[in-house]
Amino acid sequence: QNRRRELLISHQMAEADRARSEAEQEFRALLDGSPAAIVTVDSAARIATVNEAARRLLAFDNGSPAGEPVENYLPVLATIVRAKHIGPMLRTMIETSGRQRTGERFLAHLWVSTYLTPTGPRLAAVVSDATEQLRDREETGLQQLLMNSRIIASAVSHETRNLSAAAGIVHSRLGDRPGVRGSEEYEALGKIIEDLRRLSSAELPKTSEQALEGIDLAALFQQLRLILT
């Protein structure tokens with residue numbers, strides 16, 4: 001009877017190991033097949049697992065960052081894991097700076113969740129590279145700023161034309177007075193009014209927005225990074 005009990009327990013353990021192995025294989029297949037970059041971090045703030053999308057995001061053509069400190073790539077995750085009062089059910093979205101294996105920085109959007117294990121707290125994060133979104137947002141902001149500047153410049157030009165037209169009428173009437181027309185001061189005033197009229201009639205170059213679209217924002221951000229670091 002004891003032998004049968006031992007065989008039954010052994011069979012149950014083998015079934016449990018098989019089920020766990022199948023679950024792990026399914027999880028790994030789901031993880032690697034996901035188009036989203038997924039990173040898990042252990043209680044020592046080291047990368048536990050990464051999927052294929054995360055390896056590509058962190059610029060690992062070969063090898064894996066598993067086992068390395070997560071602060072080398074996503075420092076904010078190390079800060080969360082090491083927090084003294086980390087909760088077992090933290091759910092949050094974070095916008096932060098990430099770093100690839102090559103040292104290239106990128107804007108990262110993180111969807112983070114934490115969970116507790118017998119060895120301590122762990123977290124899982126879905127990581128998205130939002131650098132292109134930032135570039136698009138900044139370019140849209142620059143274009144909007146340029147458009148607003150054109151509107152303001154047009155309004156100023158309109159008012160300047162009105163003032164220069166009024167000044168031209170006064171200048172012409174002053175010329176009807178004896179001894180005024182032909183004087184140095186009269187001619188200088190006329191030139192100033194004419195310059196103002198010409199300036200207010202000038203149009204902003206229509207190629208301004210095209211020139212803006214031709215800016216290499218990647219190179220600009222790279223130069224800015226070099227200056228700041």
Exercise. State which residues pass ring pair (Phe, Tyr, Trp, His ring centres under 6.0 Å) with Phe60; sequence neighbours excluded, sorted by chain then number.
Key: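 Testing Phe60 for ring pair (Phe, Tyr, Trp, His ring centres under 6.0 Å), a comparison that skips the adjacent residues, returns Tyr73.
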Practice problem: Spell out, as yes or no, whether a donor-acceptor pair under 3.5 Å connects the side chain of Ser164 to the backbone of Arg161. | Solution: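 A pair under 3.5 Å: yes.
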Quiz item: Is Asn51 reaching over with its side chain to a backbone N or O of Ala36, donor-acceptor style, under 3.5 angstrom?
Solution: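 Such a contact is found between Asn51 side chain and Ala36 backbone.
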Exercise. Not counting sequence neighbours, list each pair that qualifies as a salt bridge (charged side-chain N to carboxylate O under 4.0 Å, His left out) and has a residue in residues 71-81.
Key: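 Applying salt bridge (charged side-chain N to carboxylate O under 4.0 Å, His left out) to every pair that reaches into residues 71-81, excluding sequence neighbours, yields Glu71-Arg82.
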Self-check item: Of all pairs that satisfy salt bridge (charged side-chain N to carboxylate O under 4.0 Å, His left out), the ones with a partner from residues 167-180, not counting sequence neighbours
Solution: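 Sorted result for residues 167-180: Asp176-Arg181.
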Within a strict 4.5 Å, meaning less than it, do heavy atoms of the [X] and [Y] side chains meet?
{"X": "Val50", "Y": "Ser64", "result": "yes"}
{"X": "His171", "Y": "Tyr186", "result": "yes"}
{"X": "Val112", "Y": "Leu77", "result": "yes"}

Are [Y] and [X] connected in a single hydrophobic cluster, I mean Ile/Leu/Val/Met/Phe/Trp/Tyr linked by side-chain heavy atoms less than 4.5 Å apart?
{"X": "Val81", "Y": "Ile94", "value": "yes"}
{"X": "Val126", "Y": "Met93", "value": "yes"}
{"X": "Val170", "Y": "Val180", "value": "yes"}

Quiz prompt | Residues Glu194, Arg197; criterion salt bridge (charged side-chain N to carboxylate O under 4.0 Å, His left out); working and verdict | solution = CA-CA 5 Å; Glu194 182 60 28; Arg197 185 181 293 112; 2.8 Å; yes
